[in-house]
Novice: 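Starting off with a structure, shown below.
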Amino acid sequence: MTEKDNGRPVLVSSRGGGLVFISLDEGLVDGVPYVWNSTSDDPGFITDEMPLVYPDNADKRVRVWTAVPPANQTRVFSARYVPFNATAGPARKEFRVGIVPIVWGGTDVDTSSKWVGYGSSLAVDPKTDGMHIAYLDYSGTYFNAGKLMYRYGEGTHWDPPVVVDDTIDWTTRDGTELARHTSIALDPDGTPWISYMDWKNGHLKVAHRLSPRDPAYWNSKPDELNRFITETVDSYSDYTGWASSIAVDSSGDPHISYLRQDSRYYAPQLMYAHPIHKSYTYYWNITRLDNAVGKGAEDYRPWNPNVQDGALTSIALDSKDRPHISYVDFNRDPDKKKSETCTTIANGRHPMVQCNPNLQLMHIAWTGTGWTKEAVDPDLWDDTKTSALDQIAFTWHGLYNSIALDVHDRPRISYMSAYADPCFTIGGYMVPVPTCHHPVGDLKYASWDGSKWSTEIVDNSSDSVGLYTSMKIDSNDRTHISYMDWKNGFLRYATKPLSGSWTRGIPDRQSSDTGRFTSLGLDHNGNPRIVCMDYTNGHGKYVYGDFGNWTPPTPTPTPTSTPSPVPTRNLTPTITPTSTITPTPSVTGTPGPAITPSPTSMPGEEI
């Protein structure tokens, strides 16, 4: 659902109507307190009105109305901003408020075989809404199966796929999923850059489409301009480049986060790479940011396959091109509530210790002078519980994490928080499929307010929900997340405005196993665009959401010379709201006659 005023979309509930919370700031104008008086063309449209005080400024308030517009209809909401003493005020402002259903559609990206769509990644060009997709094609012969592919699309039309790298080999076994991830980003000119792991050699590689910045561009024939240039970034070991994530700065330089192991049984390390320019050439500057597992004998502890499959890295650049990275820390917390059960495995001179560690979601960022690192989610498994499931529980925060920055450069992270790893049955197939290879847990969300992290559960609707998360933040500071419900085999989507609650939906129910490797992008209107793998059919999938084309008339002032009666009000309201609304100032400065506030909303549960 969406409600628009002046072309700004706001999601609301789609269940035959829904609540809309309209909020308008109040304050002082030339030292005089002003308030909003409101009317509506439908007496039943407005159900409640509440003044709320800003916690940091007693002279500023926000007035909130609860409205219930019918689906696919509009209602006129009028508000007059007048002095508290009822003298003549500015013109009346009219807002047309309503809700329209969100429409989901979809198409296949590549149906050339039943082995395409692994590791899909999407970047949407903010200038053209053009879609750039990277994915893996495993349809070749056994010794020559892996290819990195690229495809460009507009709307529902796709150009022919382009082979980027056909030398990377392939892997589909458990415990190597991190090698099946790609990451794509666009430079300021719209040139796509892709980071990926060359499984054949075990190295981190990067590819970019030929552009005028490349000398080879000027000697290329017209039919060669769509080709890609590939290069090896890090070849330190045969296990380099797991779970890479790429972002491109304002100068067109890529920044890559990834994991590296010295050998198969050594600790995975968080790495960061970016190019350093020197004269007419450059080299890759590679920095180890964190040992993702403890030191000493524990260096020889192998990864649990479930941990490995979800232990992604994710990178985003702020407005000063400084990197922020989310990742999973495998270090065992000495203050954890539950002790680990570890088993020693003989391995020649280097015995290995197999454990289930308590994992922590971490955030690390470059400040301009150094790196700062902090734990994001401190919650641990509650060892006071006694059920059979709780007896095998542990704390795995940060699986399938995805990071994005808001308009104030503050990080937000979506991730799966897992707490057990029992076997259960996946529904949706003709024959139920038992699985013991994916953890039980919830989709969670963390946000930084400038001084501390806060976390919340977004979706706990099934036993295993929140895998393969991908998150973006639009220009209105609204959060969008795509993810997979592993238990039911669904692709899911959740969204939330800056102040409000989560709205969740299922964009695609057409197959019984859709949503692996989700990657989300937004068009210029904030509409979601999602690519993922339809594992049932072995195809790459594209799903898009449209919040509707309904655009109400732009509000226009209606001059009046007769002030409206103003009821007596308490200038310092002491009402404490019982709802979950936490007003966040959306207008800087003091509201006055020139301000044209926009309604906001609190969404419902499903779209």
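Side-chain atoms are counted along with the backbone in the values below, which use heavy atoms only and exclude waters and symmetry mates.
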Novice: side-chain hydrogen bond (donor to acceptor under 3.5 Å, both in side chains) with Lys205: which residues, sequence neighbours excluded?
Specialist: Asp165
Novice: Minimum heavy-atom separation for Ser183 to Ser245, with atom names?
Specialist: OG-CA, 3.5 Å
Novice: Consider only side-chain N and O atoms of Ser314 and Asn401, and report whether a donor and an acceptor are under 3.5 Å apart.
Specialist: no
Novice: Would you compute the distance between atom CG of Leu148 and atom CD1 of Ile194 and round it to the nearest 0.5 angstrom?
Specialist: 5.0 Å
Novice: Not counting sequence neighbours, which residues clear salt bridge (Lys or Arg N to Asp or Glu O under 4.0 Å) with Arg410? List them please.
Specialist: none
Novice: Nearest 0.5 Å, what's the NZ-CG distance between Lys114 and Asp534?
Specialist: 8.5 Å
Novice: Check the side chains of His203 and Thr240 for a donor-acceptor pair under 3.5 angstrom, ignoring hydrogens and angles.
Specialist: no
Novice: His181 pairs by ring pair (Phe, Tyr, Trp, His ring centres under 6.0 Å) with which of Tyr135, Trp242, Phe517, Tyr258?
Specialist: Phe517
Novice: Please list, chain by chain and in numerical order, all residues satisfying ring-ring contact (aromatic ring centres under 6.0 Å, His included) with Tyr239, sequence neighbours excluded.
Specialist: none
Novice: Answer whether the closest heavy-atom distance between the side chains of Tyr152 and Asp125 falls below 4.5 Å.
Specialist: no
Novice: Keeping Ser121 on the side-chain end and Ala134 on the backbone end, is there a donor-acceptor pair under 3.5 Å?
Specialist: no
Novice: Is there a donor-acceptor contact under 3.5 Å linking the side chains of Asp214 and His208?
Specialist: yes
Novice: Compare all side-chain heavy atoms of Val458 with those of Ser414 and state whether any distance is below 4.5 angstrom.
Specialist: no
Novice: Yes or no on side chain to side chain contact (heavy atoms under 4.5 Å, CB included) for Asp513 and Met484, after CA distance, side-chain angles and deciding distance?
Specialist: CA-CA 9 Å; Asp513 191 344; Met484 185 184 183; 3.1 Å; yes
Novice: Could you tell me which residues satisfy ring-ring contact (aromatic ring centres under 6.0 Å, His included) with Phe490, sequence neighbours excluded, listed by chain and number?
Specialist: none
Novice: Just grab all the salt bridge (charged side-chain N to carboxylate O under 4.0 Å, His left out) pairs involving residues 234-255, residues at least two apart or on different chains.
Specialist: Asp234-Arg260
Novice: Say you draw a straight line from CG of Leu399 to CG of Leu312; how long is it, rounded to the nearest 0.5 Å?
Specialist: 8.5 Å
Novice: Check for a donor-acceptor pair, side chain of Ser464 on one end and backbone N or O of Lys487 on the other, with a separation under 3.5 Å.
Specialist: no
Novice: Suppose we screen for ring-ring contact (aromatic ring centres under 6.0 Å, His included). Which residues come up paired with His363, at least two apart in sequence or across chains?
Specialist: His324, Trp453
Novice: May I ask you to decide if Ser319's main-chain N or O and Asp409's side chain share a donor-acceptor pair within less than 3.5 Å?
Specialist: yes
Novice: Look at the aromatic rings of Tyr493 and His480 and report parallel, tilted or perpendicular, splitting at 30° and 60°.
Specialist: tilted
Novice: Apply salt bridge (Lys or Arg N to Asp or Glu O under 4.0 Å) to Asp110 and list each qualifying residue two or more places apart in sequence or on a separate chain.
Specialist: none
Novice: Does Tyr236 OH have over 12 foreign heavy atoms under 6.0 Å away?
Specialist: no
Novice: Can you tell if the side chain of Val543 reaches within under 4.5 Å of the side chain of Thr514, non-hydrogen atoms only?
Specialist: no
Novice: According to side-chain hydrogen bond (donor to acceptor under 3.5 Å, both in side chains), who are the partners of Glu456, at least two apart in sequence or on a separate chain?
Specialist: Lys496, Trp502
Novice: Any luck finding a side-chain donor-acceptor pair between Ser451 and Asp449 under 3.5 Å?
Specialist: yes
Novice: Indicate, with yes or no, if the rings of Tyr483 and Tyr400 have centres closer together than 6.0 Å.
Specialist: no
Novice: Just do the salt bridge (charged side-chain N to carboxylate O under 4.0 Å, His left out) check on Arg213 and Asp189 with the steps written out, would you?
Specialist: CA-CA 10 Å; Arg213 298 187 183 191; Asp189 298 326; 3.3 Å; yes
Novice: Would a 4.5 Å heavy-atom cut-off, applied to side chains only, mark Met131 and Val124 as touching?
Specialist: yes
Novice: Going by salt bridge (Lys or Arg N to Asp or Glu O under 4.0 Å), name the residues that satisfy it together with Lys444, two or more places apart in sequence or in a different chain.
Specialist: Asp377, Asp379
Novice: Does one side chain, of Tyr150 or Arg209, offer a donor that lies under 3.5 Å from an acceptor on the other?
Specialist: yes
Novice: For residues Val206 and Glu231, determine if any side-chain heavy atom of one lies less than 4.5 Å from a side-chain heavy atom of the other.
Specialist: yes
Novice: So do the side chains of Tyr468 and Met416 get within less than 4.5 Å of each other, counting heavy atoms only?
Specialist: no
Novice: Please say whether more than 12 non-hydrogen atoms of neighbouring residues, nucleotides or ligands are located less than 6.0 Å from CZ in Arg288.
Specialist: no
Novice: Rounded to the nearest 0.5 Å, how far does NZ of Lys200 lie from CG of Asp169?
Specialist: 6.5 Å
Novice: Under 3.5 Å, is there a donor-acceptor pair between the Asp129 and His524 side chains?
Specialist: yes
Novice: Which residues pass the ring-ring contact (aromatic ring centres under 6.0 Å, His included) test with His274, sequence neighbours left out?
Specialist: His255, Tyr272
Novice: I need the Tyr542 OH to Ile530 CD1 distance, nearest 0.5 Å.
Specialist: 9.5 Å
Novice: Find the distance between CD1 (Ile403) and OG (Ser470) and round it off to the nearest 0.5 Å.
Specialist: 12.5 Å
Novice: Would you call the rings of Tyr118 and Trp115 parallel, tilted or perpendicular, where under 30° means parallel and over 60° means perpendicular?
Specialist: parallel
Novice: Find out whether Trp371 and Asp290 are in side-chain contact, i.e. whether some heavy atom of one side chain is under 4.5 Å from a heavy atom of the other.
Specialist: no
Novice: Of all residues at least two apart in sequence or in a different chain, which pass the salt bridge (Lys or Arg N to Asp or Glu O under 4.0 Å) check with Asp198?
Specialist: none
Novice: Verify, without hydrogens or angle tests, whether Thr191 (side chain) and Asp187 (backbone) share a donor-acceptor contact under 3.5 angstrom.
Specialist: no
Novice: Taking side-chain hydrogen bond (donor to acceptor under 3.5 Å, both in side chains) as the definition, give me every residue that meets it alongside Ser257, ordered by chain and number, with sequence neighbours left out.
Specialist: Thr313
